[in-house]
K.L.:
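Please read through the structure below; I'll follow up with questions.
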Amino acid sequence: MNGGAGGPSCLETNDWICGEYLRTRSQELVDATVQHIGITAVSVAIGLLIAFPLALAARRWRGAAGPVLGLTTVLYTVPSLAMFALLTPVFGVSASVVVTGLVLYSLTILVRNILAGLTAVPAEVREAARGMGYGPARLLYEVELPLALPALVAGLRIATVSTVAMTTIGSVVGYGGLGNLIASGMEGFFKAEVLTASVLCVLLALLADLLLMGLQRLLTPWTRAQARAKARTRRGVRVAKAVG
């Protein structure tokens, strides 16, 4: 908070909550937020593009499932600082180091959820589609993927939220978005900078999760109809029991 007339400002007293910091550093906050969103979005998008064919391969060839899932799990266990250190000689000190590391981390969640969603499609549904003349590609995109969407989007939500958090670690190479502000604030014990950047990071994660949840509801309207039908069935059972 700002001091009174003639009193010290919140920047001078190093308060955690400081409106003057927001006013004087607004452009810095905007730039860091835009970089954070950009790194997160690119990392998750590339991760999804890589995870999808890997999940298809793991489902198509059972012998590939173990190695694919095992490799992605091993990659997830590598500490982030070690991962960035290993990637720096390849990409140099650039945003590519952070994006590549985040992509590798996202594969564990995305591959498993896509594979789980595809394998959960009932066999009788596949057989019915084949009996109607659906080829492999049409079966995948018009039948299996729509039914696997809840699991796929659930994995995408987890991967996105975790990527928002892990992007901050990119501050070690200067490409951490809001993590750059958190690191510099911690170094100088600048309370307002640390708190503001941390709160913005949490808000980004919540906003991304809400947007993806809304996307899931938009793409899977039948799930709401099923939920309503189940609710009506339960009410009918309760009424029948009460009457009986």
K.L.:
In sequence, state the C-alpha distance, the side-chain angles, and the governing distance for L200 and H36, and then conclude on side-chain contact (heavy atoms from CB on, under 4.5 Å).
P.N.:
CA-CA 10 Å; L200 285 174; H36 204 110; over 6 Å; no
K.L.:
Only one of T167, L102, L204 forms a side-chain contact (heavy atoms from CB on, under 4.5 Å) with T40, so which one is it?
P.N.:
T167
K.L.:
Hey, any chance V172 and V90 share a hydrophobic cluster, counting ILVMFWY side chains that come within less than 4.5 Å of each other, even indirectly?
P.N.:
yes
K.L.:
Let me check something: do V42 and V34 share a hydrophobic cluster, defined by ILVMFWY side-chain heavy atoms less than 4.5 Å apart, either directly or through other members?
P.N.:
no
K.L.:
Shortest non-hydrogen contact from G101 to L87?
P.N.:
N-CD1, 3.6 Å
K.L.:
Would you call L152 and L145 a side-chain contact if the rule is heavy atoms closer than 4.5 Å?
P.N.:
yes
K.L.:
For atom CZ of R138, is the number of surrounding heavy atoms from other residues, nucleotides or ligands below 6.0 Å larger than 12?
P.N.:
yes
K.L.:
If we only count heavy atoms from C-beta on, is the V111 to V68 side-chain gap below 4.5 Å?
P.N.:
yes
K.L.:
Within a strict 4.5 Å, meaning less than it, do heavy atoms of the V125 and V143 side chains meet?
P.N.:
yes
K.L.:
Is it true that a side-chain atom of S106 and a backbone atom of G47 form a donor plus acceptor pair closer than 3.5 Å?
P.N.:
no
K.L.:
How long is the span from the OG1 atom in T108 to the CG atom in L71, to the nearest 0.5 Å?
P.N.:
8.5 Å
K.L.:
Measure the CG-CZ distance between L215 and R157 for me, rounded to the nearest 0.5 Å.
P.N.:
10.5 Å
K.L.:
Step by step, would you call R59 with E144 a salt bridge (Lys or Arg N to Asp or Glu O under 4.0 Å)?
P.N.:
CA-CA 12 Å; R59 189 192 64 156; E144 293 178 317; 2.8 Å; yes
K.L.:
I want to check something: taking the side chain as every heavy atom from C-beta on, are Y175 and I39 in contact at a cut-off of under 4.5 Å?
P.N.:
yes
K.L.:
Please check: side-chain N/O of T196 versus main-chain N/O of E193, any donor-acceptor pairing under 3.5 Å?
P.N.:
no
K.L.:
Ignoring hydrogens and angles, tell me if any N or O in the side chain of N113 forms a donor-acceptor pair with the backbone of A151 under 3.5 Å.
P.N.:
yes
K.L.:
F52 vs Y141 aromatic rings, parallel, tilted or perpendicular, using cut-offs 30° and 60°?
P.N.:
tilted
K.L.:
If Ile, Leu, Val, Met, Phe, Trp and Tyr residues are connected whenever their side-chain heavy atoms lie under 4.5 Å apart, and connections chain through other members, are V103 and F91 in the same group?
P.N.:
yes
K.L.:
To the nearest 0.5 Å, what is the distance between CG on L139 and CD on E127?
P.N.:
9.5 Å
K.L.:
With the 4.5 Å side-chain cut-off for hydrophobic clustering, are V78 and I169 part of the same group?
P.N.:
yes
K.L.:
Looking at side-chain heavy atoms only, is the closest gap between S162 and I109 below 4.5 Å?
P.N.:
yes
K.L.:
side-chain contact (heavy atoms from CB on, under 4.5 Å) for L48 and I114? Distances and angles first, verdict last.
P.N.:
CA-CA 9 Å; L48 187 60; I114 295 172; 4.0 Å; yes
K.L.:
Looking only at side-chain N and O atoms, does T73 offer a donor or acceptor that is under 3.5 Å from a partner on R112?
P.N.:
yes
K.L.:
Quick check: closest heavy atoms across E20 and S9, and the distance to 0.1 Å?
P.N.:
OE1-CB, 3.0 Å
K.L.:
Can you confirm if the NZ or CZ of R130 lies within 45° of the ring axis of Y134 and under 6.0 Å from the centre of its six-membered ring?
P.N.:
no
K.L.:
Compare every heavy atom of V97 with every heavy atom of G92, then report the nearest pair and how far apart it is.
P.N.:
O-CG2, 2.8 Å
K.L.:
Closer than 3.5 angstrom, by distance alone: can the side chain of N180 be matched with the main-chain N or O of G176 as a donor-acceptor pair?
P.N.:
yes
K.L.:
Do other residues, nucleotides or ligands put more than 12 heavy atoms under 6.0 Å from M186 CE?
P.N.:
no
K.L.:
Looking only at non-hydrogen atoms, find the nearest pair between A197 and L181 and report the distance.
P.N.:
CB-CB, 3.8 Å
K.L.:
Spell out, yes or no, whether L195 and L203 are grouped together once hydrophobic residues are joined by side-chain heavy atoms under 4.5 Å, including indirect joins.
P.N.:
yes
K.L.:
Please report the interatomic distance CG(L207) to OG1(T160), rounded to the nearest 0.5 Å.
P.N.:
11.5 Å
K.L.:
Let me confirm one number: the CG-CD distance from L218 to Q216, rounded to the nearest 0.5 Å.
P.N.:
11.0 Å
K.L.:
Decide if atom CD of E187 counts as having more than 12 heavy atoms of other residues, nucleotides or ligands within a radius under 6.0 Å.
P.N.:
no
K.L.:
If the test is side-chain contact (heavy atoms from CB on, under 4.5 Å), which one of L49, V164, T163 qualifies with V44?
P.N.:
T163
K.L.:
Are side-chain heavy atoms of Y105 and S80 found at a separation under 4.5 Å?
P.N.:
yes
K.L.:
So how far is it from L69 CG to L115 CG, rounded to the nearest 0.5 Å?
P.N.:
6.0 Å
K.L.:
Does any non-hydrogen side-chain atom of S198 lie less than 4.5 Å from one of V194?
P.N.:
yes
K.L.:
Do Q27 and D31 get their side chains close enough for a donor-acceptor pair, meaning under 3.5 Å?
P.N.:
yes
